[in-house]
Amino acid sequence: MTGSRTPERRSSLAGRLARLGFTAAARAERLLLDAERGGFAPGDDLLDALGGTADPDLALHGLLRLFEAADAHGVGAELRDALRAEPGTRERLTAVLGVSAALGDHLARHPGHWEVLRDGRDGPAGSPRYDLLAAVGADPTAAEPVASGCGPRALVALRVAYRRRLLALAGRDLIGVADVADVAAELADLAAAALEAGLAVGRAEVPEHRTCRLAVIGMGKCGARELNYVSDVDVVFVAEARDGADEDSALRAATRLASAMMRACSSSTEEGALWEVDAALRPEGKAGPLVRTLASHRAYYGRWAKTWEFQALLKARPVAGDAGLGARYLDAITPIVWDAAEGESFVEDVQAMRRRVEADLNQRTADSERQLKLGPGGLRDVEFAVQLLQLVHGRADGTLRARATLDALADLSRGGYVGRDDAAALASAYRFLRRVEHLVQLHRLRRTHLVPDDEADLRRLGRALGLRTDPVGEFTALWRRHAREVRRIHEKLFYRPLLRAVARLPGEEARLTPEAARARLEALGYADPAGALRHIEALTSGVSRRAAIQRTLLPVMLGWFADAPDPDAGLLGFRQVSDALGTTPWYLRLLRDEVTVAERMAWVLGSSRYATDLLLRAPEAVAMLGSDGDLSPRPAAGLRAELLAAVRRHTEGGSGRAPQGRVEEAAGVVRALRRRELFRVAVADLLGLADVRAVGEALTDIAAGTVEAALLAAVHKIETAAGAPLPTRMAVVAMGRFGGHELGYGSDADVMFVHDPAPGADETAAGRAAHAVAEELRRLLALPAPDPPLEIDPNLRPEGRQGPLVRTLASYAAYYARWSEPWEAQALLRADPLIGDPGLRERFRAVIDPVRWPRDGIGDDAVRQIRRLKARMESERLPRGVDRRLHTKLGPGGLADVEWVVQLLQLRHAHAEPGLRTTRTLDALDAAAAAGLLDAEDAAVLAEAWRLATRIRGAVMLVRGRASDLLPSDHHRERSAVGRVLGYPSPGDLLEDHRRHTRRARAVVDRVFYGAD
């Protein structure tokens, strides 16, 4: 690793260092050149390793200091050889130096300690207990080890050995070999070993220690084996006199021994201190004796202890001293802990304690938002929620008594006390927050729980977590997202008793003030907590059976609304549906007895304005929510039969009403049936029960059935007015997305009308009758109604708006034979005669098939014309002022891009490839790939982009209740809701996925459609 650099390599070194992540590349270059002149030139492997660290500048500085110290101690050559030949050594050492300035200082003082980071070594030999006892000159095999001395030398040796162990653990932690839970457990074991070594030092200082037995009980994170790198170590001491010893004298000796142990760990030396040993969790706190007998502990907890003290005992574990006495302490105390949870106000006491902690934090510091531990959504939120549920349910369920938070959370999830999704979210957030806490503390080996606000510190944190594109921004977003999720779930688990604050139940006093209830609702995610309280009061107040059932339902429903993208809309919709159906016997009983119905209803109401509006106009559709089968889209034939039967009942029933009244009544029934079916499909979509193809097919079937029913009603009216049968046969040709069986919730129904006069009929009269039917069909479907509209758009017909609304079959044939433009042949690729006379529909297919699938494909001139038309459409049709990258239809890599590629392939090759003779985009893509006309990977890229764009358009309509081709960009809550409906944890994830898909799709379009290299 020594040698010289050429001038060319020197000139490029600073640039390379900058690319590797050095923020002070010029300074780093000078340091490396100085080192080179001193005989050391780092190879490429070492430079790459430095660049892969959290802070390459810090790592380089620490490494050069280590080399200097190692040379002074005669181990420099071995170190350099190891860094050259041992990749693992190189990775661990640079990782530590790039995160921890404090461990870099330790290595500069003790350069030989780098060896604990070498390949093939898990750290120092032996157990932590053996290693640390040996460091203070105690016999690790003795029942009660005694240090060889109690002066400064023993304390320094203890700290050096401790930090050597810490260095080895950090090396495994920072390269991802050790999980955060394993790191925390090893830190607790290392702390227990230090306490044992501290006791050995104390025994050397207190000769009368032989008169007593002393057990050290670890509390808090030490007891739970989830300790931080730098943390107070919470302990409780229990002692007893040895046989024949006076109890008072023994307790005095035990107190001196405990004090000496605490000083051995906490006092400052030339190697610093380990950590504070905190005994404030003992009975009576700092006002009580430091050491008590087991009987005294038992008496105190049995009579005087407060709720928080029992909560603290959840994590109690013997960690040092007399093991037998520690075991007896645990056996005596554990039953008392679980009996305490039977107290009437236990849960309220725990909640009140949590509020006091938060209030105290807010009063003491302006940095509460940066608190990893005590701030909103911090570690304490997870721990309190888990401990409360343990104490509530663990008294009857012995499987819930694990000490460590992650273990307890897993047990609660397995037992059904916490939902699997909530448990997974809490565990993920807890691991992330603990990892960040470890990284923050490792930097200076200082006790802190604050996320730094300095840009360089945040960059180091982000890079240590593997974030490279934008370490500061990505870390901040990730941290805030985890904190929000923790806070939401914590509040959901903690603050259920909202009803008591507003329901005003006879004989029951509210325990929450309205102000506190509003604060809790806001924490749950309600943007208008005052409005939410009004809804809760309206639903639950009174003594009626309805109100009583609502009081049972709402605590759970409120949590489900909070899980939805828009809790306020969910609660409002629930109140409106309940008002509409509240006196209906089956409604509340269904919600009470069928958990699936209530949970699905909460998600639908809190996610989709579109579905909520449909449900409010047909609230009885709630009954569909109980079964996946009831939410499956109806088969087209059965739906069509129901719609046509409804029209016949109203138009042929002889009700005595005028023909116009009868057909409008029939149209109203048809639209009500359509509303029900749209709700069915929307809910299946929101719940993930129907994929994008199934949704498009179902919406197309609903539209086709609706148009056919309207056609039947219109024909009936025209025939009744004329007093004679219609003199022509009629069909409706679905075009665009309608013909492609790819309708969205907000799509128009593009159509063409075709008719064929009956033999012997007057062609002019037949044309007038067909025109009247088409106009009446459009009028019926445009009647004012509280439904999502179904706009009939006939503008894709020959000659567009200038041409006749209805043509004969012969007229279509003549036009396409003589006048058709390439774009019209392209439009016919998605033509599907779905509605009307079966024979006419087939004859129309026979007319258009040679036009859209020309026998010899299309020539180069037609291809160029189609490409020019596409380019003009891209520049002219995109709305002004929008970000084209966010436009799902016309943006690069959007729906239009994919569909034009498919249609060009169809025009060129469908005559030879039967699989391409389809109106469906994805089917045509599959056929093109199967025929070798499109690379399979390109086809997959286009299909995925098309699916995502279609899903986004559908989700926007479901969320907003209004159609849009744009990804929401200026309304955070709306953007978040669309992402949540699509299954993305954050709006940024959706945006990134959309950009990735469209970028890849556009590359395929440029290559395949435009012929670009």
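These values consider heavy atoms only, across backbone and side chains, with no hydrogens, waters or symmetry-generated copies.
- Looking at D861 and Q865, their side chains never come closer than 4.5 Å, going by heavy atoms from C-beta outward.
- Side-chain atoms of R674 come within 3.5 Å of backbone atoms of P788 as a donor-acceptor pair (strictly under, hydrogens ignored).
- Looking only at distances, a side-chain donor or acceptor of R797 sits under 3.5 Å from a matching main-chain atom of P794.
- When side chains are defined from C-beta on, S608 does not count as touching F679, because their heavy atoms never get closer than 4.5 Å.
- Between R908 and E913 there is no salt bridge, since no side-chain N of the basic residue sits under 4.0 Å from a carboxylate O of the acidic one.
- A salt bridge does not link R947 with D691: every distance from a Lys NZ or Arg NE/NH1/NH2 to an Asp or Glu carboxylate oxygen is 4.0 Å or more.
- Counted by atom type alone, H741 and R920 present one or more donor-acceptor pairs between their side chains at under 3.5 Å.
- Note that R867 lies outside the cation-pi zone of Y1010, set by a 6.0 Å cut-off to the ring centre and a 45° limit from the axis.
- Across P565 and R980, no two heavy atoms sit closer than the pair CG-CB, 3.6 Å.
- With T612 contributing its side chain and R609 its backbone, the two residues share no donor-acceptor pair below 3.5 Å.
- When all heavy atoms are compared, the tightest approach of I718 to A769 is CG2-O, 4.5 Å.
- Taking 4.0 Å as the cut-off between side-chain N and carboxylate O, R737 and D750 do not count as a salt-bridged pair.
- Heavy-atom minimum distance, P633 versus R680: CA-CD, 4.2 Å.
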Derivation of the salt bridge (Lys or Arg N to Asp or Glu O under 4.0 Å) call for D628 and R600: CA-CA 11 Å; D628 288 0; R600 285 177 167 178; 2.4 Å; yes
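- Taking the charged nitrogens against the carboxylate oxygens, R662 and E665 have no contact shorter than 4.0 Å, which rules out a salt bridge.
- Between L967 and R975 the shortest side-chain heavy-atom distance does not fall below 4.5 Å.
- Counting only distance, with no hydrogens or angles, the side chain of H997 and the backbone of D993 share a donor-acceptor pair below 3.5 Å.
- Closest approach of V978 to A955, counting heavy atoms only: CG1-CB, 4.0 Å.
- Between L790 and A749, the closest heavy-atom pair is CD1-CB, 3.9 Å.
- Salt-bridge annotation for D756 and R843: present, with a side-chain N of the basic residue lying under 4.0 Å from a carboxylate O of the acidic one.
- The main-chain N or O of D965 is found under 3.5 Å from a side-chain atom of T888 such that the two form a donor-acceptor pair.
- No side-chain donor-acceptor contact under 3.5 Å links E742 and T700.
- Remark: side-chain polar atoms of R951 are paired, donor with acceptor, to backbone N or O of L982 under 3.5 angstrom.
- With no hydrogens or angles considered, a side-chain donor-acceptor pair links E899 and W946 at under 3.5 Å.
- Counting heavy-atom neighbours within 6.0 Å of R807 CZ, excluding the residue itself, gives a total above 12.
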Residues D1006, R1002; criterion salt bridge (Lys or Arg N to Asp or Glu O under 4.0 Å); working and verdict: CA-CA 6 Å; D1006 287 340; R1002 183 63 185 198; 3.2 Å; yes
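- With a 6.0 Å radius and a threshold of 12 heavy atoms from other residues, nucleotides or ligands, E620 has its CD atom above the threshold.
- Without hydrogens or angle criteria, D787 side chain to P789 main chain gives no donor-acceptor distance under 3.5 Å.
- Using a 4.0 Å cut-off between charged side-chain N and carboxylate O, R917 and D849 make no salt bridge.
- For the pair V847/L809, a side-chain contact is recorded, criterion being any heavy-atom separation below 4.5 Å from C-beta on.
- With contacts defined as side-chain heavy-atom distances shorter than 4.5 Å, the pair L991/Y984 does not qualify.
- Side chains of Y812 and T808 form no contact here, defined as non-hydrogen atoms less than 4.5 Å apart.
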Steps toward side chain to side chain contact (heavy atoms under 4.5 Å, CB included) verdict (Y745, V695): CA-CA 9 Å; Y745 297 103; V695 169; 3.8 Å; yes
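- Side-chain contact check for Y815 and E799: no donor-acceptor pair (N or O, by modelled atom type) lies under 3.5 Å.
- Using a 4.5 Å heavy-atom cutoff, the side chains of M735 and M752 are in contact.
- No salt bridge links R995 with E992; every basic N to acidic carboxylate O contact stays at or beyond 4.0 Å.
- Ion pair D923/R693 flagged as a salt bridge, since at least one NZ, NE, NH1 or NH2 atom sits closer than 4.0 Å to an Asp/Glu carboxylate oxygen.
- A donor-acceptor pair under 3.5 Å is formed between the side chain of R852 and the backbone N or O of A831.
- For the pair D832 and R841, the salt-bridge criterion is not met [side-chain N within less than 4.0 Å of a carboxylate O].
- Judged by distance alone, the side chain of E791 and the main-chain N or O of D748 form no donor-acceptor pair under 3.5 Å.
- Shortest non-hydrogen contact noted between T919 and L829 is CG2-O, 3.4 Å.
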Salt bridge (Lys or Arg N to Asp or Glu O under 4.0 Å) between D938 and R1007, worked out: CA-CA 10 Å; D938 286 347; R1007 188 171 64 255; 2.6 Å; yes
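- Applying the ring-ring contact (aromatic ring centres under 6.0 Å, His included) definition to pairs two or more places apart or across chains, none involves residues 865-911.
- The main-chain N or O of A774 is never found under 3.5 Å from a side-chain atom of R778 such that the two would form a donor-acceptor pair.
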